[in-house]
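Please read the structure below before turning to the comments.
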Amino acid sequence: FTVRYTLFSKKVYMNRTVVGLILPAIILVACSKNKDNRVISPEPSSIAGKWNVDTVRVYFYSGAGVFDSSVIGYPVVGLNEPLYFQFNEDSSWSESLVDHSDTIVVTEGIYSYTSANSFTLVYPNASPTRKNEPCDIISLTSSSFVFSKQRPTVFNGTEPGNIKYVFKLK
C-alpha cells in the first residue's frame with residue numbers, strides 16, 4: 001500500500017508540475033507580440049481650426065534666468081482688435097488681426113507636427129535663423145488650445161536671451 005500511495009502522490013505531483021510549467025508557457029506564447037505587428041502611436045489631436053487669442057503670457061529669459069513676465073490680453077479695448085490663428089487641414093496656417101470689418105493677415109506659412117506634443121511653424125519669407133519656429137502644445141481640447149514658442153533675442157544690445165510666448169486660444 002505504501003508503494004502504491006507513493007507512486008500515486010508522485011503522479012499527482014508530476015501532473016501539477018506539468019500543468020504549472022506548460023500552462024504559463026502556452027499563455028506567454030499566445031500573448032507574445034509578432035514582430036510584424038508594430039504598435040502604431042496615435043495621431044496627435046488636431047490643432048486645425050480658427051482659434052481666437054484669449055491671452056498671451058510673455059517671459060523674458062537671460063542666461064541668469066527669468067527677467068520678467070507679463071500677461072497681454074486680446075483684444076485690448078482701444079488698443080487693438082481681435083487676433084486669431086487659423087490652422088488648416090492642408091498644414092497651412094495664418095495669424096490674422098480683425099480690423100473692424102477687414103481681416104489683415106499678420107503672417108502665414110505651413111506647420112508640421114514633430115510629436116504628439118509639439119509642432120513647427122514655418123515662415124517661408126523669414127530669414128534662415130527665423131524660418132522654423134518650434135512650438136510646444138501645453139494643452140489641447142475641443143474648446144481650448146494652449147501652446148508656447150520661444151525666440152532668441154539680445155537684451156540691452158549685449159546680453160543674449162530668449163523671449164517665450166505662451167498663447168491661450170479659444
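- Looking at Ser144 and Thr141, their side chains never bring a donor and an acceptor atom within 3.5 Å of each other.
- The CD atom of Glu133 sits 8.5 Å away from the OH atom of Tyr165 when rounded to the nearest 0.5 Å.
- By the 4.5 Å heavy-atom criterion applied to side chains, Leu121 and Phe87 are counted as neighbours.
- No donor-acceptor pair closer than 3.5 Å links the side chain of Lys168 to the backbone N or O of Val56.
- You'll find the side chain of Phe155 stays beyond 4.5 Å of the side chain of Tyr61, heavy atoms only.
- At a cut-off of 3.5 Å, with distance as the only test, a side-chain donor of Ser92 or Asp90 sits close to an acceptor on the other residue.
- The side chain to side chain contact (heavy atoms under 4.5 Å, CB included) test applied to Arg130 returns Ala126, Ser127, Arg151, not counting sequence neighbours.
- Residues Tyr113 and Ser46 have side chains in contact (heavy-atom distance under 4.5 Å, counting atoms from C-beta outward).
- Lys50 has its side chain within reach of Asn52: a pair of non-hydrogen atoms, C-beta onward, lies under 4.5 Å apart.
- The six-membered or imidazole ring of Phe145 lies near that of Trp51, with a centre-to-centre distance under 6.0 Å.
- Looking at Phe147 and Leu169, their side chains come closer than 4.5 Å, going by heavy atoms from C-beta outward.
- What you find for Asn88 and Tyr111 is that their closest heavy atoms are O-OH, 2.8 Å.
- Pro124 and Gly109 make their closest contact through CD-CA, 3.7 Å (heavy atoms, listed as atom of the first residue, atom of the second, distance).
- In this structure, Ser148 and Val166 approach most closely via the heavy-atom pair CB-CG2, 3.9 Å.
- Contact detail for Phe119 and Thr114: the closest heavy-atom pair is N-OG1, 3.6 Å.
- Nearest heavy-atom pair across Asn162 and Pro152 is OD1-CA, 3.3 Å.
- Ser94 pairs by the side chain to side chain contact (heavy atoms under 4.5 Å, CB included) definition with Gln86, Ser96, Val105, Glu108, not counting sequence neighbours.
- From Glu95, atom CD reaches atom OH of Tyr84 across 10.5 Å, with rounding to the nearest 0.5 Å.
- Enclosure of atom NZ in Lys131 by more than 12 non-hydrogen atoms of other residues, nucleotides or ligands within 6.0 angstrom is indicated.
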